[in-house]
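First the structure, in the form of structure tokens, and then the observations on it.
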Amino acid sequence: MDRTVLLINGPNLNLLGTREPHIYGSTTLSDVESNTKSQGEGLGITVQSFQSNHEGAIIDRIHEARGNVEYIIINPGGLTHTSVALRDALAGVAIPFIEVHISNVHAREEFRHKSFLSDKAVAVICGLGVFGYSAALQFVDQQLKASKT
Ligand code: CA2
């Protein structure tokens, strides 16, 4: 568990880098996952990654993380704006988490302005492109160090 972070990407993020590059850029999900893992290695953090298009599978993975993961970095995709169940899962395991969005959801359609997770998150990053994942991990590193001093 020590210095283990779970990176979760929700529905449709498996398409990253293949469609809508004007919104989401051209980096693939596999690049994001391997870059985050390498960044983690440099910081002495083990990064586990998980992507699913299925709400229940994401909830199951969050439950499995209990007692095994110190922090979650999650881009919940469209579930951000719809899922009470995902909110309940994150609150239920009580693992601190950062919510990441590649695009600036506040500059997009009104329905993307509402998140069911943000008030439970330690922080929310949006609009930094895929750099948001890296910024999140850097912040987590700082938090984990601070919690152990
Ligand atoms: O900006 C983000 O990261 C989002 O979480 C992405 C979600 C969207 O529903 C949120 O409002 C904001 C959509 C993920 C879909 O990802 C795609 C990536 C490439 C091509 C098509 C979809």
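- In terms of heavy atoms, V100 sits closest to P76 at O-CD, 4.1 Å.
- Using a 4.5 Å heavy-atom threshold, the side chains of E109 and H81 count as separate.
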Problem set entry | Step-by-step side chain to side chain donor-acceptor pair (under 3.5 Å) determination, E55 to S83 | CA-CA 8 Å; E55 186 175 16; S83 183; 2.5 Å; yes

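- Looking at heavy atoms from C-beta onward, P96 lies out of side-chain contact with Q143 at the 4.5 angstrom threshold.
- How far CG of L7 is from CG of N35: 11.0 Å, rounded to the nearest 0.5 Å.
- Contact of the V5 side chain with the E70 side chain is not registered, since no non-hydrogen atoms from C-beta on lie closer than 4.5 Å.
- The closest side-chain heavy-atom distance from T46 to R3 is not below 4.5 Å.
- With contacts defined as side-chain heavy-atom distances shorter than 4.5 Å, the pair Y133/T27 does not qualify.
- To the nearest 0.5 Å, atoms CD1 (I98) and CG (N75) are separated by 13.0 Å.
- A donor-acceptor distance shorter than 3.5 angstrom exists from the side chain of Q39 to the backbone of S134, with no hydrogens or angles considered.
- For the pair K114 and F116, the cation sits on the ring face: its NZ or CZ lies under 6.0 Å from the ring centre, inside 45° of the axis.
- We find the OG-CG distance between S38 and L137 to be 10.5 Å, quoted to the nearest 0.5 Å.
- Residues L117 and F97 are in side-chain contact: their nearest non-hydrogen atoms beyond the backbone lie under 4.5 Å apart.
- At distances below 3.5 Å, not a single donor-acceptor pair connects side-chain atoms of R87 with backbone N or O atoms of K120.
- Using bins of under 30°, 30° to 60° and over 60° for the plane-to-plane angle, the ring pair H113/H106 lands in the tilted bin.
- Contact of the R61 side chain with the Q48 side chain is registered, since non-hydrogen atoms from C-beta on lie closer than 4.5 Å.
- Surrounding CZ of R108 are more than 12 heavy atoms belonging to other residues, nucleotides or ligands, all under 6.0 Å away.
- Panel note: side chain Q51, backbone G10; a donor-acceptor pair is recorded below 3.5 Å.
- The cluster map of Ile, Leu, Val, Met, Phe, Trp and Tyr, joined by side-chain heavy atoms under 4.5 Å apart, puts V69 and V140 in different clusters.
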For this session: May I have the step-by-step check of side chain to side chain contact (heavy atoms under 4.5 Å, CB included) for K148 and D2, ending in yes or no?
Result: CA-CA 11 Å; K148 273 150 204 171; D2 204 37; 3.2 Å; yes

For this session: Apply side chain to side chain donor-acceptor pair (under 3.5 Å) to the pair N12 and Y24, showing each step before the final yes or no.
Result: CA-CA 11 Å; N12 299 308; Y24 300 113; over 6 Å; no

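- Atom CG of L29 and atom CG of L16 lie 6.0 Å apart (nearest 0.5 Å).
- Inter-residue side-chain proximity for L6 and E64 is flagged as unmet; no heavy-atom pair is nearer than 4.5 Å.
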